[in-house]
Protein chains: 2
Amino acid sequence: MDMPTPPDQPGTNADCRKVNAIFGRLGDKWTILAITMLSGQPRRFNELKRLIGGISQQMLTRTLRSLERDGMVTRQVFPTVPPQVEYGLTERGQSLAIPLMQLSMWVLGHISDIEAHQALYDREAKQQRK
Amino acid sequence: MDMPTPPDQPGTNADCRKVNAIFGRLGDKWTILAITMLSGQPRRFNELKRLIGGISQQMLTRTLRSLERDGMVTRQVFPTVPPQVEYGLTERGQSLAIPLMQLSMWVLGHISDIEAHQALYDREAKQQRK
DNA sequence: CTGTATCCTAGGGGATACTG
DNA sequence: CAGTATCCCCTAGGATACAG
């Protein structure tokens, strides 16, 4: 019984919020790459690391943990002598991969146009201020 | 003729990189919300601000500038006495909105499952360590 | 091989005040 | 009303060292 009006901001539709939270995940530096590399076949930790390329051990661990927490990825440990851990997409992870790939395709199809537009924009901006 | 092997990291497919870069944009705190609010009809600055809710003036400006730079959004200034600026989606912006909405639908359809899985995961993790 | 613990930095993002 | 300029904080993410 405290807040008169702003308990929930105007257009802050709860749905939009949630969607955005997940997009934040997907948009982080490695998540999409990881999902992509896992679609099709399960992969071992270092195999993933090589495939992704440029990711630090720690970030790969973090990324995979988050995905595991979301139920997107399974983690199976084989207690062999040098321990092996295999990661794979869950059903949910695979179903996510579908709209994800569609969006990826859109980006790939438009990326050169976008980059051209950025270059143009930057050129105009530079001229304006000097 | 310099670099023997690592000029481009292993799996660092250039395509994946580019897709990821755009996803970083989409995943930032406000971009998706802004695109969503602009789909359907153009909006004025403060109108957008109200609709989105919780966004600072500066972040709205930055977000819109980025979208403009990418050619997703148009900006039209009406030199009225209190200046008015209207933002709208370009054709490219509208075409992006399509796969974006599909992904949003996926998230909305799975968000409760995901949250449940997270809660479960957190509970198990907590028990394990204490 | 896989994972955790530290430490550190760059930049995203908020608040506020000021301008045309 | 729309936008810029400052200042400041917090956290994503890298490097490194260590452990099972």
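Numbers restart at 1 for each chain; the letters A, B, ... are given by sequence-line order, proteins then strands. All figures in this text were calculated on a predicted structure; none of them were measured in a lab.
Both Arg44(B) and Gly27(A) lie close to DNA chain D; mapped to their nearest nucleotides by heavy-atom distance, the more 5′-ward contact belongs to Arg44(B).
Defining each end axis of the helix from dC1(C)-dG20(D) to dG20(C)-dC1(D) as the rotation carrying four pairs' C1' atoms onto the next four, with five pairs an end, the two axes are found to diverge by 40° to 10 degrees.
A side-chain donor-acceptor contact under 3.5 Å links Thr74(B) to the backbone of Gly88(B).
Residue Arg65(B) is in sugar-phosphate contact alone, with no base atom involved, counting any heavy-atom pair closer than 4.0 Å across all strands shown. Note on Phe78(A): nothing from the nucleic acid sits closer than 4.0 angstrom, heavy atoms only.
Side-chain N/O atoms of Glu86(A) and base N/O atoms of dT2(C) include no donor-acceptor pair closer than 3.5 Å. If you check distances only, the side chain of Arg62(A) does reach the base of dG13(D) with a donor-acceptor pair under 3.5 Å. For Gln58(A) and dT6(C), a side-chain-to-base donor-acceptor distance below 3.5 Å is present, hydrogens and geometry of angles not being considered.
Open room surrounds CD on Glu91(A); 12 or fewer heavy atoms of other groups in view lie less than 6.0 Å from it.
Of the inter-residue distances, the one linking Arg65(B) atom CZ with Arg62(B) atom CZ reads 12.0 Å to the nearest 0.5 angstrom.
Each of dT6(D), dG3(C), dG3(D) was ranked by its minimum atom distance to the side chain of Thr61(B); first place goes to dG3(D).
Between Leu26(B) and Leu96(B) the shortest side-chain heavy-atom distance falls below 4.5 Å.
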